[in-house]
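The structure appears below as structure tokens.
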Protein chains: 2
Amino acid sequence: MNLLMAFGEPTTDRRAARHEATKAEIVEAAWALAREHGLAGVSLRDLAKRVGMQPPSLYSYFPSKHAIYDAMFAQGYEALLELRRRTEVPDDPREAVRVMARQFLAFCVEDPARYQLLFQRTIPGFEPSEESYALATEVLGATSTYLDRAGAGDAESRDLWTALLTGLADQQISNDPGGDRWVRLVDTAVDMFLDSRGQTRRRRR
Amino acid sequence: MNLLMAFGEPTTDRRAARHEATKAEIVEAAWALAREHGLAGVSLRDLAKRVGMQPPSLYSYFPSKHAIYDAMFAQGYEALLELRRRTEVPDDPREAVRVMARQFLAFCVEDPARYQLLFQRTIPGFEPSEESYALATEVLGATSTYLDRAGAGDAESRDLWTALLTGLADQQISNDPGGDRWVRLVDTAVDMFLDSRGQTRRRRR
DNA sequence: GTCTATATTTGGATAGAC
DNA sequence: GTCTATCCAAATATAGAC
């Protein structure tokens, strides 16, 4: 599937294809601005300037600014899903969880603006559309599979897992941007997590 | 110590006292607005209206909007420190850490806007002043003491600890506001954390 | 589709009278 | 200290010509 066509209606002819391509260009420029000036620092003025348009022309492609954020949201989760599809996961359950964790953290830290949009509620009034949110759910579901194989598939474990990983990502981004002070703890964190899950199961027997 | 005097210069006479009282009133109104419309939703217009002033009059009390955020930041950490001073901590090291953790999470969840200001970097351009930031450091230091007694006083453990707790708080606030889906995992999380720290030490011997 | 022009709102901040 | 008046900038969004 063409990345440029990842959102919007299916293309029927060349005019529509061009339209989608321009939409993609706008979204790409929006990401660039978000990385430079923060997610909330994306303005339609700057965005239009960056793609060589006048601000009102953007409304030929997106009905509102939130619609642009929504396209970015969807694209962000698409990127994570695509990354996972391309990743070879080890057979060993614990090692598989480790790979997922490292990958998730790298993905978060790689682009703080994207992390903010995908995993925090920080844009006032923005709610992802139903279709976009479905992608977020899909990611969570894929994660559960690997947790389950490693003996941590129950709801509590899953919640503890998300808290642990987003906590690491958040601290890394907030308090040591560009460094690895928290990212390097990921293997320790995975071991801590999976060991404790194993104990819980033993206790219950 | 009077809460109203918690920030600003020491009072020398009644005029100064009145001045400090008004500052405190402004900060209190700012908190109320932050809780209602989000932290970024605090505008000087609304704020002035709430305290019965015209917007420019606020500048008699604070030189800028960021200065108001800074006063809020300091007050937030003061509140946490004060809460800890009032808390009786059990002798048992593990139980002490549990109490600290529960208290911290309750504090975070109780006021999401405050959590956002104190523990996330979300206001564009805002940096706490040196004095205010010192309070944040003081909180971290106090935490270390209890972690140390429970055998988790090294730097890595401390970082893992902050990630774990803020992760729980963040998920709770973002994904289950008003509920307890993540908060109720706190004891499990503490056990998981301290058990793994113990193992690490044993392995090293 | 894209432009110019403009509406509308909102924001933080300053000048100067009282 | 507080007000009125105002500035300046930035933001999203719409109308209508081309």
To the nearest Å, give me how far apart [atom1] ([X]) and [atom2] ([N]) are.
| X | N | atom1 | atom2 | value |
| --- | --- | --- | --- | --- |
| A:Arg18 | C:dT2 | CZ | P | 8 Å |
| B:Leu33 | C:dT10 | CG | C1' | 15 Å |
| A:Lys23 | C:dG1 | NZ | P | 11 Å |
| A:Leu44 | C:dA7 | CG | P | 19 Å |
| B:Leu58 | D:dT4 | CG | P | 13 Å |
| A:Asp46 | D:dA10 | CG | C1' | 10 Å |
| B:His37 | C:dG11 | NE2 | P | 10 Å |
| B:Leu47 | D:dT2 | CG | P | 13 Å |

Which nucleotide wins on minimum distance to the side chain of [X], given the candidates [options]?
| X | options | result |
| --- | --- | --- |
| A:Gln54 | C:dC3, C:dG12, D:dA13 | C:dC3 |
| A:Ser64 | C:dT2, D:dG1, D:dA13 | D:dA13 |
| B:Tyr59 | D:dT14, D:dA5, C:dG12 | C:dG12 |
| B:Pro56 | C:dT2, C:dA15, C:dG12 | C:dA15 |
| A:Met53 | D:dT12, C:dG1, C:dC3 | C:dC3 |
| A:Arg45 | D:dA13, D:dA11, D:dT4 | D:dA11 |
| B:Ser43 | D:dG1, C:dG1, C:dG11 | C:dG11 |

Against B:Trp161, only a single residue in B:Leu147, B:Thr166, B:Leu194 fulfils side chain to side chain contact (heavy atoms under 4.5 Å, CB included); can you say which?
B:Leu147

Among B:Ile26, B:Val42, B:Leu117, exactly one meets side chain to side chain contact (heavy atoms under 4.5 Å, CB included) together with B:Trp31. Which residue is that?
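That would be B:Leu117.
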
When you measure from the side-chain N and O atoms of B:Ser57 to the phosphate of D:dC3, is any distance below 4.0 Å, counting only OP1 and OP2?
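The answer is yes; a side-chain N or O of B:Ser57 sits under 4.0 Å from OP1 or OP2.
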
Fit a plane to each ring of A:Phe119 and A:Tyr77, take the angle between them on a 0 to 90° scale, and name the class: parallel (under 30°), tilted (30 to 60°) or perpendicular (over 60°).
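Ring orientation, 0 to 90° scale: perpendicular.
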
Determine, for A:Phe107 and A:Arg84, whether the Lys NZ or Arg CZ falls below 6.0 Å from the six-membered ring centre while staying within 45 degrees of the axis.
no

With no hydrogens and no angle check, do the side chains of B:Thr87 and B:Gln103 hold a donor and an acceptor under 3.5 Å apart?
yes

